[in-house]
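Shown next, in structure tokens, is the structure this report addresses.
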2 protein chains.
Amino acid sequence: MFQKIKPKKISDEVYEQIKSIILSGKLKPGEKLPPERELALELGVSRTALREAIQRLDAQGFIYQVHGGGTFVKTITNGILDSAIEEFVKRDEAIFDLMEIRKILETWGAYTAAQRATEEEISNMEKFLNEMFIAKERGEIGHLSDANFHLAISHATHNVMLIHLMKNLFYWIEKVSYEVRSRMYTNPESHADLYQQHTDVYIAILERNPEKAYNKMLTHMEYIVCELNRIFKKNKKI
Amino acid sequence: MFQKIKPKKISDEVYEQIKSIILSGKLKPGEKLPPERELALELGVSRTALREAIQRLDAQGFIYQVHGGGTFVKTITNGILDSAIEEFVKRDEAIFDLMEIRKILETWGAYTAAQRATEEEISNMEKFLNEMFIAKERGEIGHLSDANFHLAISHATHNVMLIHLMKNLFYWIEKVSYEVRSRMYTNPESHADLYQQHTDVYIAILERNPEKAYNKMLTHMEYIVCELNRIFKKNKKI
DNA sequence: CTCTGCTTATTGGTATTACCAAATTATATA
DNA sequence: TATATAATTTGGTAATACCAATAAGCAGAG
């Protein structure tokens, strides 16, 4: 009934106004904003509050500033700059933290999928497995099918939290798959190894063998971590 | 041959330093940064330059500020969990899916904490364990200490992603603890059982026994799920 | 007329000081 | 022990000053 009142900072209001003007097209990419001192007067605020708004606009990729030159609207084709989670996952170290999380979630996921998967869900896994095979034969990377295969397994757990988690992590799962797969692009044997590992997981789920599914997924995850260690030339405790 | 020289603003350097500290896990979600005047002195910059850095960190989702209260590290994994959390809000039963995920994350967490915990982290766990004891003696519910104890274990894994995820889930962990504990409020024996389970986990970590820590946490989690089943009078596949 | 170098003006970046306002903590009182 | 009040802490904004990078204007040489 009652909404919590969140008082707005002056710099927040300035930020919203300038952002709105940019997004509406009134200020176009490359165009210059009025000089800070002038704009502050126009808005009826101090340079401090204006600059704080401008820092936020800068951080999110709307504008850029040239010392002594002026403040300009950025072209938005580059998109908004990375959020905190994107900055976080971008780092090599975070990939290993993510792999630790994935290992525990996805081994359990395989175990539980072997118990709970419907025929349709198993078919869905097979579909992505087939796509990986085709990609292998064609010399394609196949990272999208790989990530989708893992997502299909999480669906088969019927755990809505895991499904949401895996869906939201999908972009980074795909990225990891890409990193690993593009390195073994030229090595058909590794490609075949990877395909075999996914097949082993699939067969264990098909056989309704939870322990086997768990172990096969564990083997796969550890293989990925090894490859990542090789790629990043790092040693991380797992 | 020649690289374009991009001079760094002071506020950019401040931003990079604070960001790095957060991403590395040295500052954990919910933790407070030093007050601005103090931090500016420490960094040897003006409050103006510091605040400009802080606005950028805020804009990207690393930190948040409370007027009169302080500057705090934000949970970075909000985007990963928001849609899953919406499920709990909609359906009470979804809490069982959360418990499944907690079971696997926290058993691994206990295992890994037993391997990696520093003395300070173990002390921190003990602090919350003591608070639970005092709550038990005083006939208080003690759900906040309970949830903090679990969070402290996740801190000891040194997995930054898990730390943020567990902090995101803190409210729900606390809520589960409250539901379970307030039912056994009048039953001193159950209260003692719960305290004992937490103590067992703590001792296993103190003893640096990963397998034992894992098993004690598993026992604890299964106990909680049983209690929740009783409370919800529901039968859910585990 | 064009190019180069120098000077001046403009504009972003930071520092300092002061004060306001919201939250937190400490203290006094019922 | 609980509540109300006062004091302190801490973020938010304003004003002023000055530094530093860029842009624009101008003079002189070729």
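Chain letters run A, B, ... following the sequence lines, proteins first and then strands; every chain starts at 1.
With rounding to whole Å, Leu41(B) atom CG is found 13 Å from dT10(D) atom P. Taking atom CZ on Arg37(B) and atom C1' on dT10(D), their separation rounds to 6 Å, with Å as the unit.
At a threshold of 4.5 Å between non-hydrogen side-chain atoms, the residues Gln115(B) and Arg208(B) do not count as touching. Side-chain contact check for Trp172(B) versus Leu98(B): some heavy-atom pair is nearer than 4.5 Å.
No donor-acceptor pair closer than 3.5 Å links the side chain of Asp146(B) to the backbone N or O of Ser177(B).
Residue Gln65(A) places no side-chain N or O under 4.0 Å from the OP1 or OP2 atom of dT11(C). Taking 4.0 angstrom as the limit, Arg51(A) places none of its side-chain polar atoms (N or O) nearer than this to OP1 or OP2 of dG12(C). Residue Ser11(A) has a polar side-chain atom (N or O) positioned under 4.0 Å from OP1 or OP2 of dT13(D).
Between Glu38(A) and Arg47(B), the residue anchored closer to the 5' end of DNA chain C is Glu38(A), taking for each the nucleotide with the nearest heavy atom. Heavy-atom distances to DNA chain D give each of Leu50(A) and His67(B) a nearest nucleotide, and the one nearer the 5′ end belongs to His67(B).
Checking Gln55(B) against Gln60(B) by side-chain atom types alone, no donor-acceptor pair falls below 3.5 Å.
Applying the 3.5 Å distance criterion, the base of dA15(D) shares no donor-acceptor pair with the side chain of Ser46(A).
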